[in-house]
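Treat the numbers as computed from the prediction; the structure is a model and nothing was measured.
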Amino acid sequence: MCTFAGLQADARVLIDQARFETQSYIFNYEDRPNIDYIVKSVAESMQKYTQKGGVRPFGVICFFAGFQDGQPKLYQTEPSGAYSEWKANAIGRNAGTLREFLQKKWENDMTEDKTVRLGVQTLLEVVEDSENLEICVVKDNKTEIVDEEKLAEIVAQLKKEKEEAEEAKKKYL
């Protein structure tokens, strides 16, 4: 699974390249490549474009999510060709603020519901409504989009909790 922030045309080129690399690997080795292999391939391509004369670097940061040895992995590639593995991260507008929020709230061994809730809570820091949210869960070598009703329910819970916390704070002041 791949998502990105930046120039859509550049992302499309990189995603097509990742697909081609995956198909070549399957054809040559009759096995699926692991997520690390795909990320390295894309990052190497991005890095080449930072050094070649006459071409511009890719203007996109990508997230790649997948499984390796039965464990979920999340990688980020940057235009410089650097890539890194993360447990939780954010890209795009206000990424620094969201990253700090995730560092404070993220815990090891979170359940799927807690993880989705944290994702929604994090995105609500920059988005006002659940209509502007889309959450994708990667598990058991498949991806699932969280339905809008569940997102709306989580958003309502979070808003209620926030209002209750503000009221409790006012009582003590």
Task: More than 12 heavy atoms from other groups under 6.0 Å of CD on Glu134 - done: no
Open item on the list: Once rounded to the nearest 0.5 Å, what's the spacing between atom CD of Gln68 and atom CD1 of Ile38?
Closed with: 10.0 Å
Open item on the list: With side chain to side chain contact (heavy atoms under 4.5 Å, CB included) as the criterion, how do Cys62 and Leu14 come out once you've worked through the C-alpha distance, each side chain's angles and the decisive distance to 0.1 Å?
Closed with: CA-CA 9 Å; Cys62 299; Leu14 292 170; 4.3 Å; yes
Open item on the list: Apply side chain to side chain contact (heavy atoms under 4.5 Å, CB included) to residues Thr77 and Ile61 and explain how you reach the verdict.
Closed with: CA-CA 6 Å; Thr77 62; Ile61 294 177; 5.7 Å; no
TODO: Taking only Lys NZ, Arg NE, NH1 and NH2, and the carboxylate oxygens of Asp or Glu, determine whether Lys150 and Asp147 approach each other closer than 4.0 Å.
DONE: no
Task: Shortest non-hydrogen contact between Val60 and Ala11, atoms and distance - done: CG2-CB, 3.9 Å
Task: Spacing of CG belonging to Leu123 relative to CG belonging to Leu158, to within rounding of 0.5 Å - done: 11.0 Å
Open item on the list: So Glu153 and Glu149, do their side chains get closer than 4.5 Å, heavy atoms only?
Closed with: no
TODO: Report the C-alpha separation of Val137 and Ile145 in whole Å, then their side-chain angles, then the decisive distance to 0.1 Å, and conclude whether the side chain to side chain contact (heavy atoms under 4.5 Å, CB included) test is met.
DONE: CA-CA 6 Å; Val137 178; Ile145 302 291; over 6 Å; no
Task: Residues forming a salt bridge (Lys or Arg N to Asp or Glu O under 4.0 Å) with Glu85, sequence neighbours excluded - done: Lys73
Task: Thr115 OG1 to Glu107 CD distance, which is reported to the nearest 0.5 Å - done: 9.5 Å
Give every donor-acceptor pair under 3.5 Å between a side-chain atom in residues 43-59 and any protein atom, sequence neighbours left out.
{"from": "Ser45", "atom 1": "OG", "to": "Gln17", "atom 2": "OE1", "distance (Å)": "2.9"}
{"from": "Thr50", "atom 1": "OG1", "to": "Gln47", "atom 2": "O", "distance (Å)": "2.6"}
{"from": "Arg56", "atom 1": "NH1", "to": "Asp10", "atom 2": "OD2", "distance (Å)": "2.7"}
{"from": "Arg56", "atom 1": "NH2", "to": "Asp10", "atom 2": "OD1", "distance (Å)": "2.9"}
{"from": "Arg56", "atom 1": "NH2", "to": "Asp10", "atom 2": "OD2", "distance (Å)": "3.4"}

Open item on the list: Return the CG to OG1 distance between Leu74 and Thr3, rounded to the nearest 0.5 Å.
Closed with: 10.5 Å
Task: Nearest-0.5 Å distance, CD1 of residue Ile35 to CD of residue Gln71 - done: 14.0 Å
Task: NZ/NE/NH1/NH2 to OD/OE distance under 4.0 Å, Glu161 and Arg117 - done: yes
- [ ] Could you go through the side chain to side chain contact (heavy atoms under 4.5 Å, CB included) check for Tyr83 and Asp36 one step at a time?
- [x] CA-CA 10 Å; Tyr83 70 96; Asp36 188 54; 4.0 Å; yes
Open item on the list: Tell me if the CG atom of Asn108 is crowded by more than 12 foreign heavy atoms within 6.0 Å.
Closed with: yes
- [ ] Would you indicate whether Glu164, at its atom CD, is surrounded by more than 12 heavy atoms from other residues, nucleotides or ligands within a distance under 6.0 Å?
- [x] yes
TODO: Check Phe64 against Ala18 and note the closest heavy-atom contact, atom names and distance.
DONE: CE2-CB, 4.5 Å
Open item on the list: What's the separation between atom SG in Cys2 and atom OH in Tyr75, rounded to the nearest 0.5 Å?
Closed with: 14.0 Å
Open item on the list: Can you confirm whether Cys136 sits close enough to Thr143 that some side-chain heavy atom of one is under 4.5 Å from a side-chain heavy atom of the other?
Closed with: yes
Under 3.5 Å, side-chain donor or acceptor atoms of residues 94-103 against the rest of the protein: list the pairs with distances, not counting sequence neighbours.
{"from": "Arg99", "atom 1": "NE", "to": "Asn89", "atom 2": "OD1", "distance (Å)": "2.6"}
{"from": "Arg99", "atom 1": "NH2", "to": "Asn89", "atom 2": "OD1", "distance (Å)": "3.4"}
{"from": "Arg99", "atom 1": "NH2", "to": "Ala90", "atom 2": "O", "distance (Å)": "2.9"}

Open item on the list: Suppose we call two aromatic rings close when their centres sit under 6.0 Å apart. Are Tyr25 and Tyr37 close by that rule?
Closed with: yes
Task: Minimal non-hydrogen separation, Phe4 against Ile91, with atom names - done: C-CD1, 3.9 Å
